[in-house]
2 protein chains.
Amino acid sequence: MPLRIAIFDDNNNIRDSIGLLLRTEKEFEVVGSFPHVLDCVADIKACRPDIVLMDIEMPGMTGIEAVRTLKKEYPEVLIMMQTVFEDDDRVFDSICAGASGYILKNFLNTRLIDSIKELQFGGSPMSPSIARKVMMKMQQVTEQMRPAGNTNYQLTPREKEVLACVVNGLSYKMVADALHISYETVRSHIKKIYEKLHVASLTELVHKTMKERIV
Amino acid sequence: MPLRIAIFDDNNNIRDSIGLLLRTEKEFEVVGSFPHVLDCVADIKACRPDIVLMDIEMPGMTGIEAVRTLKKEYPEVLIMMQTVFEDDDRVFDSICAGASGYILKNFLNTRLIDSIKELQFGGSPMSPSIARKVMMKMQQVTEQMRPAGNTNYQLTPREKEVLACVVNGLSYKMVADALHISYETVRSHIKKIYEKLHVASLTELVHKTMKERIV
DNA sequence: TTTACAATCCCCAAAAGTGGTGAGTCGCCG
DNA sequence: CGGCGACTCACCACTTTTGGGGATTGTAAA
């Protein structure tokens with residue numbers, strides 16, 4: 001079964017040359033080639049590609065919006081972005097929008113085939129600088145996820161369960177019901193948790209728990 | 001000026017063969033080679049590498065903890081992880097801890113030199129499957145950053161003030177005091193907010209507010 | 001075996017929050 | 001001007017939470 005590929009690019013020459021290039025590979029089949037993304041959902045619906053090559057600069061709807069739209073409708077389609085410039089920020093955005101790979105047009109001739117195969121087999125081909133950017137963003141985000149880091153309050157498993165419940169908005173009674181224990185037991189746990197987290201009310205508790213990503 | 005490289009790996013053979021391999025490149029200089037990471041901070045302080053090759057499985061302190069520690073002390077040092085198995089999760093964690101690249105030991109011979117150079121010139125060499133994992137995590141995280149996106153609950157400025165207070169753990173009385181209004185007024189605002197956010201208790205309110213990044 | 005602690009349950013009195021209803025002032029817009 | 005909405009305040013009845021006390025069981029470490 002061949003790998004079905006669709007191309008979106010406003011430049012006819014590039015579209016054609018990509019098509020020619022891809023046709024040199026037996027297992028590739030170019031099933032669509034479009035100069036804009038205004039009808040991209042309908043286009044994809046019609047040609048059913050496995051992989052989409054998406055130019056990032058296009059008239060009308062931009063490639064990155066198209067990615068977002070397409071990914072919402074067809075999450076299983078893999079999208080590889082391509083751009084002339086090493087336009088880090090926009091490519092980065094499009095990656096966040098749902099693209100799985102990225103390649104510079106300069107490298108189309110030498111790297112396109114390999115990149116598509118990498119994409120097909122579970123990889124995410126991207127240029128070095130983008131990779132670094134993604135890594136740093138990654139680290140930055142996970143960093144802000146745990147502010148104090150090693151804030152270990154030594155909650156017991158049961159206490160964590162109770163905490164999870166109240167944080168999700170359950171009242172003591174509902175927690176008791178959910179965990180099949182009595183109302184008074186819930187209270188006992190809560191009291192302990194209050195001591196351990198140094199709070200004195202549910203609002204503080206929820207706030208601290210969510211801010212510090214406990215439970 | 002040569003590129004200074006340090007190696008951490010508990011396997012002497014691997015450490016030696018990596019050293020030999022790297023010495024074939026004129027611009028590389030192996031400035032340190034250590035069988036464990038227990039003194040990694042001191043080691044780095046002593047040999048001052050530009051790039052660290054870090055084995056992920058090691059006795060005592062694990063490679064990933066070492067990454068976290070080192071990055072705290074020497075954020076400018078680039079760290080490349082290496083592992084025998086394609087141990088996605090742990091490698092992924094170490095990347096989050098601050099590693100800038102990752103390579104499978106199988107590929108050491110063929111890809112190590114290139115990967116180090118890629119690292120040196122601003123890239124983030126990593127195996128395809130890890131790249132994909134990172135991408136997906138990236139998308140998932142940025143997704144949860146804006147949950148519904150356009151969740152506009154039309155809170156008035158005053159209501160937002162009140163909300164900010166209660167979310168920070170203040171009781172009604174304290175809010176009243178802080179905003180120089182009466183207790184009953186605070187209650188009025190809270191009631192309105194409850195309606196607008198479709199919640200029925202403070203815990204739900206705090207939870208929803210924090211989850212959806214209101215205030 | 002004693003000690004320690006998680007987990008379960010109970011009671012009382014005080015404090016805080018919830019729901020409903022009503023109502024006054026102010027400023028803005030048609 | 002009249003209506004609307006933001007902001008302010010009040011009262012009543014009710015529920016929920018909080019801060020003290022205490023008790024029992026079982027398990028696991030000292």
Side-chain angles (χ1 to χ4, degrees), chain A residues 146 148-215, chain B residues 60-61 147-215:
Chain A
R146 73 173 109 71
N150 43 6
T151 46
N152 182 18
Y153 295 102
Q154 312 244 131
L155 295 183
T156 69
R158 201 54 166 167
E159 283 162 0
K160 283 181 188 170
E161 286 183 81
V162 174
L163 182 52
C165 289
V166 301
V167 165
N168 276 302
L170 301 192
S171 70
Y172 289 3
K173 241 182 270 186
M174 294 159 87
V175 176
D177 217 61
L179 299 184
H180 306 297
I181 54 182
S182 94
Y183 170 82
E184 287 298 332
T185 307
V186 175
R187 288 201 54 214
S188 294
H189 287 304
I190 297 277
K191 286 177 194 175
K192 277 274 186 165
I193 297 171
Y194 274 25
E195 278 178 36
K196 290 182 180 178
L197 297 215
H198 306 297
V199 297
S201 72
L202 279 183
T203 56
E204 280 185 87
L205 183 62
V206 174
H207 183 254
K208 190 160 191 171
T209 302
M210 293 191 74
K211 201 176 64 177
E212 306 195 5
R213 299 287 186 290
I214 313 166
V215 288
Chain B
M61 193 195 288
N150 42 8
T151 46
N152 183 17
Y153 295 102
Q154 310 246 131
L155 296 183
T156 69
R158 201 56 166 167
E159 283 161 1
K160 283 181 188 169
E161 287 184 79
V162 174
L163 183 51
C165 288
V166 300
V167 165
N168 277 302
L170 300 192
S171 70
Y172 289 2
K173 242 182 269 186
M174 295 161 85
V175 176
D177 217 60
L179 300 184
H180 306 296
I181 54 181
S182 95
Y183 170 83
E184 286 298 332
T185 306
V186 175
R187 289 200 54 217
S188 294
H189 286 305
I190 296 279
K191 286 176 194 174
K192 277 270 186 167
I193 297 172
Y194 275 26
E195 277 179 34
K196 291 183 179 177
L197 296 214
H198 305 297
V199 297
S201 71
L202 279 183
T203 56
E204 278 185 88
L205 183 62
V206 174
H207 184 255
K208 189 160 190 170
T209 301
M210 294 192 73
K211 201 177 63 177
E212 304 195 4
R213 305 279 187 295
I214 314 166
V215 222

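Residue numbers start from 1 in every chain, and the chains themselves are labelled A, B, ... in the order their sequence lines are given, proteins ahead of strands. Since this is a predicted model, take the numbers as computed values, not measurements.
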For the pair made of [atom1] in [X] and [atom2] in [N], what is the distance, rounded to whole Å?
X        : N      : atom1 : atom2 : result
A:Lys173 : D:dT15 : NZ    : P     : 8 Å
A:Leu155 : C:dA7  : CG    : P     : 10 Å
B:Glu204 : C:dG17 : CD    : C1'   : 14 Å
B:Leu205 : D:dT17 : CG    : C1'   : 17 Å
B:Lys160 : D:dA6  : NZ    : C1'   : 14 Å
A:Glu195 : C:dA6  : CD    : P     : 11 Å
B:Glu159 : D:dA6  : CD    : P     : 7 Å

Would you list the protein and nucleotides 24-29 of chain C atom pairs, both N or O, that sit under 3.5 Å from each other?
none

Measure the spacing between [atom1] of [X] and [atom2] of [Y] and express it to the nearest 0.5 Å.
X        : Y        : atom1 : atom2 : answer
B:Ile193 : B:Leu205 : CD1   : CG    : 6.5 Å
B:Thr156 : B:Glu161 : OG1   : CD    : 8.5 Å
B:His189 : B:Leu179 : NE2   : CG    : 8.0 Å
A:Leu202 : A:His207 : CG    : NE2   : 14.0 Å

For this session: State whether the side chain of A:Tyr172 and the backbone N or O of A:Glu184 hold a donor-acceptor pair below 3.5 Å, judged by distance alone.
Result: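 Between the backbone of A:Glu184 and the side chain of A:Tyr172 there is no qualifying donor-acceptor contact (under 3.5 Å).
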
Exercise. Are any of B:Tyr194's side-chain N or O atoms less than 4.0 Å away from OP1 or OP2 of C:dG19?
Worked result: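 Looking at the OP1 and OP2 atoms of C:dG19, neither is under 4.0 Å from any side-chain N or O of B:Tyr194.
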
For this session: Compare side-chain N and O positions of A:Thr156 against OP1 and OP2 of C:dA7 and report whether any pair is under 4.0 Å apart.
Result: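 Checking C:dA7 against A:Thr156, a side-chain N or O does come within under 4.0 Å of OP1 or OP2.
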
For this session: Please list, chain by chain and in numerical order, all residues satisfying side chain to side chain donor-acceptor pair (under 3.5 Å) with A:Lys192, sequence neighbours excluded.
Result: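 A:Lys192 satisfies side chain to side chain donor-acceptor pair (under 3.5 Å) with no other residue.
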
Exercise. Toward the 5' end of DNA chain D, which comes first, A:Tyr172 or B:Lys196, by nearest nucleotide?
Worked result: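 Closer to the 5' end of DNA chain D: B:Lys196.
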
For this session: Sugar-phosphate means primed atoms, P, OP1 and OP2; the rest is base. With that split, encode nucleotides 23-30 of chain D 5' to 3' as B, S or - using protein heavy atoms under 4.0 Å.
Result: --------

For this session: Give the angle between the helix axes at the two ends of the helix from C:dT1-D:dA30 to C:dG30-D:dC1, taking five base pairs at each end and rounding to 10°.
Result: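 Inter-axis angle at the termini of the helix from C:dT1-D:dA30 to C:dG30-D:dC1: 40°.
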
Exercise. Going by number, which of residues 176-193 of chain B have a non-hydrogen atom under 4.0 Å from DNA chain C?
Worked result: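 Only B:Tyr183, B:Arg187, B:Lys191 qualify.
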
Which heavy atom of [X] sits nearest to which heavy atom of [Y], and what is that distance?
X        : Y        : result
B:Tyr153 : B:Lys208 : OH-CE, 3.2 Å
A:Ser201 : A:Thr203 : OG-OG1, 3.1 Å
B:Val167 : B:Val206 : CA-CG2, 4.1 Å
B:Thr185 : B:Ile181 : CG2-CD1, 4.0 Å
A:Lys196 : A:Gln154 : NZ-O, 3.0 Å

Exercise. Which one of A:Val186, A:Asp177, A:Val175 satisfies the side chain to side chain contact (heavy atoms under 4.5 Å, CB included) criterion with A:Cys165?
Worked result: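 Output: one option passes, namely A:Val175.
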
For this session: With sequence neighbours left out, write down each residue that passes salt bridge (Lys or Arg N to Asp or Glu O under 4.0 Å) with A:Lys173, or none if nothing qualifies.
Result: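 A:Lys173 satisfies salt bridge (Lys or Arg N to Asp or Glu O under 4.0 Å) with no other residue.
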
